[in-house]
Amino acid sequence: MGPAFDLEAARALFAGLIAGAIAGLATTAIALVALSRNPALRARLPMALPLPALGVVAANAMLFAWTLVGLVLGALWRGVSQPAFSIAVAVAVLALLAAAAFVRARLTWPMGITAVVAAVAFAGILPLLAGG
């Protein structure tokens, strides 16, 4: 009978949680800077929220979403060897960036920086923390 608690799985999930939280906080800052510098973009928001209130909502949403991505990638990290995991994550981030640029018909600086943050967090920090 094996151990009741798999320490390696817990370490990989915790690494995903930390990498997701890092990505969430960084992308919150990116989104708020982009919103504050572009009044036309802010005018498209459904409500006339002040920027600090929008920051609270954005921080919660970004932390939740990116932490979920980090947990999923942390679980996947156990089944994929390194450096194949980091290469696959980097390729996936580039593919998502290319798809977003195609849909928007242009590449904006927040899209590029968000892609860099995601690649660093999930292809670099997650494997480093998980022990790869």
Side-chain angles (χ1 to χ4, degrees):
M1 187 167 177
F5 184 75
D6 187 359
L7 188 58
E8 288 300 315
R11 185 174 179 175
L13 289 174
F14 186 67
L17 179 107
I18 297 299
I22 290 169
L25 290 173
T27 55
T28 298
I30 294 165
L32 291 177
V33 168
L35 277 174
S36 68
R37 290 186 177 181
N38 191 345
L41 185 61
R42 202 170 3 154
R44 283 195 231 167
L45 293 174
M47 297 178 266
L49 284 174
L51 203 55
L54 184 63
V56 170
V57 173
N60 285 313
M62 295 284 196
L63 280 172
F64 178 76
W66 284 110
T67 301
L68 181 62
V69 170
L71 288 171
V72 169
L73 289 175
L76 290 175
W77 181 84
R78 296 221 346 125
V80 181
S81 65
Q82 192 62 343
F85 176 82
S86 293
I87 292 168
V89 169
V91 167
V93 167
L94 283 175
L96 288 171
L97 179 63
F102 177 76
V103 168
R104 299 245 0 228
R106 64 188 177 121
L107 180 64
T108 61
W109 69 266
M111 292 165 56
I113 294 175
T114 299
V116 169
V117 165
V120 167
F122 298 124
I125 294 174
L126 189 150
L128 183 70
L129 292 176

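Along the sequence shown, residues are numbered consecutively beginning with 1.
Applying the side chain to side chain donor-acceptor pair (under 3.5 Å) rule to S86 yields the partners Q82; only residues at least two apart in sequence or on another chain are considered. Every residue meeting the side chain to side chain contact (heavy atoms under 4.5 Å, CB included) condition with I87, not counting sequence neighbours, appears here in chain and number order: P83, V91. Residues passing the side chain to side chain contact (heavy atoms under 4.5 Å, CB included) test with A53 are L49, P50, sequence neighbours excluded.
Every pair passing ring pair (Phe, Tyr, Trp, His ring centres under 6.0 Å) that includes a residue from residues 52-72 is listed here, sequence neighbours excluded: W66-F122. Annotation: side chain to side chain donor-acceptor pair (under 3.5 Å) contacts involving residues 9-25, sequence neighbours excluded, are absent. Note on residues 76-94: pairs passing salt bridge (charged side-chain N to carboxylate O under 4.0 Å, His left out), not counting sequence neighbours, are D6-R78. Counting only residues at least two apart or on different chains, no salt bridge (charged side-chain N to carboxylate O under 4.0 Å, His left out) pair has a member in residues 50-73. For the salt bridge (charged side-chain N to carboxylate O under 4.0 Å, His left out) condition, no pair includes a residue of residues 57-72, sequence neighbours left out. Evaluation of the salt bridge (charged side-chain N to carboxylate O under 4.0 Å, His left out) test over residues 113-123, restricted to residues two or more places apart or in two chains, returns none.
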Practice task
Applying side-chain contact (heavy atoms from CB on, under 4.5 Å), run through F14 and L129 and close with a yes or a no.
Solution key: CA-CA 8 Å; F14 186 67; L129 292 176; over 6 Å; no
Kindly list each side-chain donor-acceptor pair under 3.5 angstrom involving residues 29-40, sequence neighbours excluded, with atom names and distances?
| from | atom 1 | to | atom 2 | distance (Å) |
| --- | --- | --- | --- | --- |
| S36 | OG | L32 | O | 3.2 |
| S36 | OG | V33 | O | 3.0 |
| N38 | OD1 | A40 | N | 3.2 |
| N38 | OD1 | L41 | N | 3.2 |

Do any side-chain atoms of residues 108-119 form donor-acceptor pairs under 3.5 angstrom with protein atoms, and if so which ones, sequence neighbours left out?
| from | atom 1 | to | atom 2 | distance (Å) |
| --- | --- | --- | --- | --- |
| T114 | OG1 | P110 | O | 2.7 |

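When hydrophobic clusters are built by joining Ile, Leu, Val, Met, Phe, Trp and Tyr residues whose side-chain heavy atoms come closer than 4.5 Å, directly or via intermediates, V57 is not grouped with L25.
Across all non-hydrogen atoms, the minimal contact from L126 to G70 is CD1-O, 3.9 Å.
In this structure, L17 CG and L73 CG are separated by 12.5 Å, a value rounded to the nearest 0.5 Å. Interatomic distance, I22 CD1 to L63 CG, rounded to the nearest 0.5 Å: 11.0 Å.
Grouping Ile, Leu, Val, Met, Phe, Trp and Tyr residues whose side-chain heavy atoms lie under 4.5 Å apart, directly or via other members, leaves F102 alone, with no other cluster members.
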